[in-house]
Amino acid sequence: MANKPDNKRKKYRAPRGTSDYLPKRAAQLHYLDSQAAEIFERYGYRRIITPTFEDTDLFSRSIGESSDIVRKEMYTFNDKAGRSLTLRPEATAPVVRAYIEHKLHSEIKPVKLYYIGSMFRYERPQAGRYREFWQLGVEALGSPKPLIDAEVIVLLVDYLKSLALNDLVLHIGSMGDDKCRLPYTKKLRQELEPKAEAMCPDCQQRLKLNPLRVFDCKNKVCRAIIAEAPKITDNLCDECANHLVQVEKGIIGAGIKYQLDPTLVRGFDYYTRTTFEVRSPLLGAQSALGGGGRYDNLIAEYGGPATPAIGFALGMERVLLALEAEQVKLDIEISPDLFVAVVDNTDRPEAFRILTDLRRYGLAAEMDYMARSLRSQMKLADKLGSEFVIILGPDELKSGRVAIKNMATGAERKVSLDQIADSIKNLKSEPKGE
RNA sequence: GUGGUUGUAGCUCAAUUGGUUAGAGCGCUGGUCUGUGGCACCAGAGGCUGGGGGUUCAAGUCCCCUCAGCCACCCCA
């Protein structure tokens, strides 16, 4: 870390895996948010905001010590009092913490919450995977019934469809519960251990740490072996099997297509029963737009009252990538209603007064602050996409009547200065001729 | 964390076997049009070729290191 005696200034860049959301992209993100707010609230979910960082062990306990997120991807730091804190890698644990801390179990159940925020994982970045990324998600706490699973899944799909995304594949699976998962895991391990030597090093590791993950492997040899292995969906206890059937019925009733996926394994240890994931086939390696599942034991494990729950999280950047891949244009450009142009530089203060009145009246209005010629002001108004331009010159200011030009048609009409705002509003409500 | 690949104006890309002041289109600013936009034409601004070191008479071109993006693995949103 030798400091060079340089006279050049260091060029600062956004840290690896992070990015600036310039106005265009920020507007897209905001659109995803406002659209989500509308639909999620229609489904009865209310927004919750939790801190960006939490006690480190909140995450290590919930996500699972064996997961990569806990083992190597957390942004962990000590504060000045020596507390170990971690930038949240996901939001379910914080929401559950808040649920318990504020005794939300005393509210009407299920307690339905949604959140938006940036999450942090120290991973090697690539398209669709960043170190700081935005998630949108919901949690429904309190109901063990399969119909709430269906609601959460339908909500996820409906939201994505509302953005005009079409190329989506919904995968549904089950992780079983305490009764059936452990016996199944044992069975799977027994089945695979004799063949372990033929499998890839990753899978050998998985067999020890978390056997279910072998289903994620992309290695050909492993896949062949795994194809023969028992599937969890064939080894569920009666209750879990029935739960899964009921969830499927709910989804079918909502008219949503899905794929039953016995190999769907989700990364967090806290999942029980229903798991699901929505993928875009257009996206490459990071194809999961959103996913989630049921977590019936997590709240009790944190010392809260036994509370079944289910939720999903959705990656906003991935949604943006999918929209791009499907060539969906988010038409969210903002443009002024009118532009105030001046002929003489000396009239700019007067123009500014009029501009401010118009803005206070509720119109989106702009003027030039670069001392441009009238001609250049017109060009600027055009580029900004302004619907109307009013031109203030010596004549207009003397007579008190200004020209209002419709930029689409080129038509101009004279209006008295104190009626500009009303005139614009009237003109805007006129049907537009093509 | 592993392997691969790329890095030239704001953006998309050029630059003969290493060879003089690194170009184009789009965008930006202004003008032709001195009180009127879109089109056209003209002009201008804008680069220590991601950063550092090395080889060479000479490096955007070759070598090493580093940073960053991308592709895949791992994992996940």
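Each chain gets a letter, A, B and so on, in the order its sequence line appears, and its residues count up from 1. Small disclaimer: the values here were computed from a predicted structure and weren't measured.
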Could you state the atom-to-atom distance from [atom1] of [X] to [atom2] of [N] in whole Å?
X: A:L374; N: B:G38; atom1: CG; atom2: P; value: 12 Å
X: A:M407; N: B:G38; atom1: CE; atom2: C1'; value: 8 Å
X: A:M370; N: B:G30; atom1: CE; atom2: P; value: 8 Å
X: A:K218; N: B:A72; atom1: NZ; atom2: C1'; value: 9 Å
X: A:Y271; N: B:C76; atom1: OH; atom2: P; value: 10 Å
X: A:Y12; N: B:G51; atom1: OH; atom2: C1'; value: 15 Å
X: A:L264; N: B:C76; atom1: CG; atom2: P; value: 11 Å
X: A:Q286; N: B:A72; atom1: CD; atom2: C1'; value: 9 Å

Carefully, step by step, assess A:Y75 and A:F53 under the rule side-chain contact (heavy atoms from CB on, under 4.5 Å). CA-CA 9 Å; A:Y75 275 94; A:F53 52 84; over 6 Å; no

NA contact type, [X], heavy-atom cut-off 4.0 Å: base, sugar-phosphate, or nothing?
X: A:S386; result: nothing
X: A:F312; result: nothing
X: A:G410; result: base
X: A:L289; result: sugar-phosphate
X: A:A288; result: sugar-phosphate
X: A:R372; result: sugar-phosphate
X: A:D395; result: base
X: A:Q377; result: nothing

Is there a donor in the side chain of [X] and an acceptor in the side chain of [Y], or the other way round, less than 3.5 Å apart?
X: A:R25; Y: A:Q28; answer: no
X: A:D344; Y: A:T346; answer: no
X: A:H243; Y: A:D177; answer: no
X: A:T76; Y: A:T86; answer: yes
X: A:E366; Y: A:S386; answer: no

[atom1] atom, [N] versus [M]: distance in rounded Å?
N: B:U56; M: B:G44; atom1: P; answer: 41 Å
N: B:G47; M: B:G10; atom1: C1'; answer: 12 Å
N: B:G27; M: B:A45; atom1: C1'; answer: 13 Å
N: B:G53; M: B:U12; atom1: P; answer: 28 Å
N: B:G3; M: B:U61; atom1: P; answer: 25 Å
N: B:A9; M: B:G52; atom1: P; answer: 15 Å
N: B:C11; M: B:C75; atom1: C1'; answer: 34 Å
N: B:C64; M: B:G46; atom1: C1'; answer: 33 Å

Base [N] paired with [X] side chain (donor-acceptor, <3.5 Å):
X: A:E396; N: B:G35; result: yes
X: A:K383; N: B:G37; result: no
X: A:E412; N: B:U36; result: yes
X: A:R121; N: B:C75; result: no

Which of these nucleotides, [options], is closest to any side-chain atom of [X]?
X: A:D382; options: B:G37, B:A77, B:C76; result: B:G37
X: A:R129; options: B:C70, B:C75, B:G37; result: B:C75
X: A:F133; options: B:G38, B:A77, B:A72; result: B:A77
X: A:Y122; options: B:G1, B:C70, B:U36; result: B:G1

Donor-acceptor pair, distance only, cut-off 3.5 Å: does the side chain of [X] make one with the backbone of [Y]?
X: A:Y159; Y: A:L32; result: yes
X: A:E387; Y: A:D337; result: no
X: A:S399; Y: A:D395; result: yes
X: A:S287; Y: A:L283; result: no

Could you give the distance from CG (A:L355) to CG (A:D368), rounded to the nearest 0.5 Å?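 If I round to the nearest 0.5 Å, the distance is 11.5 Å.
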
When you compare the protein's N or O atoms with those of nucleotides 65-68 of chain B, which come within less than 3.5 Å of each other, and at what distance?
from	atom 1	to	atom 2	distance (Å)
B:A68	O4'	A:R13	NH1	3.0

So if I take residues 200-208 of chain A and measure heavy-atom distances to RNA chain B, which residues fall below 4.0 Å? A:D202, A:R206

Taking for each residue the nucleotide of RNA chain B bearing the nearest heavy atom, is the 5' side occupied by A:P125 or by A:R318?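 With A:P125 and A:R318 compared, the 5'-side residue is A:P125.
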
Closest-nucleotide mapping onto RNA chain B: is A:G393 or A:D216 further toward the 5' terminus? I mean the 5' end.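 Going by which nucleotide is closer to the 5' end, it is A:G393.
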
Are A:Y114 and A:F40 near enough that their ring centres are under 6.0 Å apart? yes

Is it true that A:Y295 and A:Y270 have ring centroids separated by less than 6.0 Å?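 Aromatic pair counts; centres sit under 6.0 Å.
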
Kindly say if A:R124 contacts the phosphate of B:C70, meaning a side-chain N or O under 4.0 Å from OP1 or OP2.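 No, no such contact exists.
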
Does A:S118 have a side-chain nitrogen or oxygen under 4.0 Å from the phosphate oxygens OP1 or OP2 of B:A77? no

Row check, A:Y122 ring normal vs A:R131 NZ/CZ: under 6.0 Å, within 45°: yes

Name the stems with RNA chain B in them: runs of three or more consecutive Watson-Crick or G-U pairs, distances under 3.5 Å? B:1-7 with B:67-73, B:10-13 with B:23-26, B:28-32 with B:40-44, B:50-54 with B:62-66

Between A:K398 and A:E396, does the salt bridge (charged side-chain N to carboxylate O under 4.0 Å, His left out) criterion hold? Intermediate values first, please. CA-CA 5 Å; A:K398 198 179 294 171; A:E396 285 82 357; over 6 Å; no

